[in-house]
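Some notes on the structure that comes next.
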Amino acid sequence: MAAATAEKTTALDVIRELYNTPDKFVEIALNVNTAGIEAHTHDWFRTYPSGIFVTDIRFSKDYITSHPEECFVRSMLADASMCEGRGRDIFRGVPEGEREKLLRDKIINEYIIPQELRLVNPPVEDFMKLFTGYADKNNIASDKRERMFYKRLTAELPKADIIEIGGSSESSHLYYITSKDMVYIINFGEWKVEHQH
């Protein structure tokens, strides 16, 4: 009976719990391996103010499903780290005693908790319409370097588990997406200069 109940816990439930208890996020962040993550960021912000960024992170499929909390924390930290220009490891060069302060004073407020927290599974059609719309505004389908990745992604996303974390305004969207052995953090919106980091 207990196993049946456990299976009903979704990735969204796990993530919602982490947002309800930020101390748990911090505790996991301080205890996981933040280095050695295979991740890449695709900067598709070509047509101001319509921006789109995609971070792809490879784990094992088993890891994503069996360690959902840890996977979420590591993925969000890797994304934040690359946005900060620190490479893939948010704690690189940061003494152990200063890591919690970095998380609480900067990283969580700037990258993990958006101004508008939504925490929903959006309808796939709505998400795809927005995603392809932002990609089209930035001509990604015709970009020589990115078009193969974009084609693969548009085929994969409709079958993925999509969670909208939130955004900095109603026209800004941050998603955490898992598909097989991949995590995608996709961020798109209308960003005026004051919203850019």
Side-chain angles (χ1 to χ4, degrees), residues 7-16 18-19 37-65 68-69 71-80 82-83 111-192 195-197:
E7 280 170 13
K8 287 188 181 146
T9 303
T10 64
L12 181 57
D13 295 331
V14 167
I15 289 167
R16 196 174 273 139
L18 284 170
Y19 277 96
I37 288 176
E38 187 185 333
H40 308 92
T41 295
H42 304 261
D43 178 348
W44 293 348
F45 196 165
R46 317 268 168 84
T47 312
Y48 180 85
S50 298
I52 181 166
F53 297 89
V54 178
T55 298
D56 66 272
I57 307 164
R58 186 179 300 279
F59 292 109
S60 71
K61 186 179 178 183
D62 177 60
Y63 176 76
I64 292 172
T65 53
E69 284 177 329
C71 182
F72 177 75
V73 171
R74 289 177 74 199
S75 299
M76 295 298 280
L77 290 179
D79 183 61
M82 290 190 290
C83 289
Y111 298 103
I112 311 301
I113 304 177
Q115 287 165 308
E116 292 185 15
L117 194 59
R118 299 186 189 117
L119 297 178
V120 294
N121 289 120
V124 173
E125 315 74 55
D126 295 356
F127 167 78
M128 289 305 296
K129 193 172 173 186
L130 280 168
F131 174 71
T132 55
Y134 275 92
D136 288 349
K137 284 178 194 172
N138 289 278
N139 301 312
I140 302 308
S142 57
D143 181 298
K144 282 193 183 79
R145 286 202 352 231
E146 296 288 351
R147 65 185 174 202
M148 290 309 289
F149 173 70
Y150 175 65
K151 192 176 177 183
R152 196 185 82 224
L153 200 53
T154 49
E156 201 175 323
L157 289 174
K159 302 182 280 263
D161 183 15
I162 302 169
I163 296 169
E164 181 169 10
I165 304 296
S168 55
S169 67
E170 64 178 39
S171 62
S172 165
H173 306 269
L174 172 65
Y175 297 89
Y176 174 79
I177 300 168
T178 55
S179 175
K180 298 172 190 159
D181 61 346
M182 297 298 295
V183 169
Y184 299 103
I185 296 174
I186 298 181
N187 200 352
F188 51 72
E190 301 293 323
W191 294 309
K192 307 288 188 247
H195 281 125
Q196 290 179 296
H197 293 297

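These numbers come from the heavy atoms of this one structure, side chains and all, not from hydrogens, waters or symmetry mates. Here the structure is a predicted model, which means the values were calculated and not measured.
Nearest heavy-atom pair across M76 and I185 is SD-CD1, 3.7 Å. The two residues A39 and I57 come nearest to each other via the heavy atoms CB-CG1, 3.8 Å. For the pair M82 and T55, the tightest heavy-atom approach, listed with the atom from each and the gap, is CE-CG2, 3.4 Å. Between E38 and H40, the shortest heavy-atom contact is CG-CE1, 4.3 Å. Looking at every heavy atom in both residues, F127 comes nearest to P122 through CB-CG, 4.4 Å. Contact record, D181 with R58: OD2-NH1, 2.9 Å, taken as the closest heavy-atom pair.
Checking side-chain atoms of D43 against main-chain N and O of F53 turns up no donor-acceptor pair under 3.5 Å. Side-chain N or O atoms of R46 include none that pairs as donor or acceptor with a backbone N or O of N139 at under 3.5 Å. Looking only at distances, no side-chain donor or acceptor of Y134 sits under 3.5 Å from a matching main-chain atom of N187. The closest donor-acceptor contact from the side chain of T47 to the backbone of K137 lies under 3.5 Å. Panel note: side chain N138, backbone G51; no donor-acceptor pair is recorded below 3.5 Å.
The OH atom of Y176 lies 15.5 Å from the CD atom of E164; values are rounded to the nearest 0.5 Å. Rounding to the nearest 0.5 Å places CG of L119 at 10.5 Å from CG of D13. Distance check: Y175 OH to R118 CZ gives 7.5 Å after rounding to the nearest 0.5 Å. Once rounded to the nearest 0.5 Å, the distance linking CG of L174 with CD of Q115 reads 12.0 Å. Annotation: the span from I112 atom CD1 to Y19 atom OH amounts to 6.0 Å, rounded to 0.5 Å. Note that CG of D143 and CH2 of W44 are 8.5 Å apart. Values are rounded to the nearest 0.5 Å.
Between F59 and R74, the closest side-chain pair of non-hydrogen atoms falls below 4.5 Å. The shortest side-chain heavy-atom distance between N121 and D161 falls under the 4.5 Å cut-off.
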Open item on the list: Walk me through whether F131 and I52 qualify under side chain to side chain contact (heavy atoms under 4.5 Å, CB included).
Closed with: CA-CA 8 Å; F131 174 71; I52 181 166; 3.7 Å; yes

Open item on the list: I165 vs L117, test: side chain to side chain contact (heavy atoms under 4.5 Å, CB included). Steps then yes/no.
Closed with: CA-CA 6 Å; I165 304 296; L117 194 59; 4.2 Å; yes

Just list the side-chain donor-acceptor pairs under 3.5 Å for residues 150-158, sequence neighbours left out, or say none.
residue	atom	partner	partner atom	Å
T154	OG1	Y150	O	3.0
T154	OG1	K151	O	3.0
E156	OE1	Y184	OH	3.2
E156	OE2	S179	OG	2.9
E156	OE2	Y184	OH	3.2

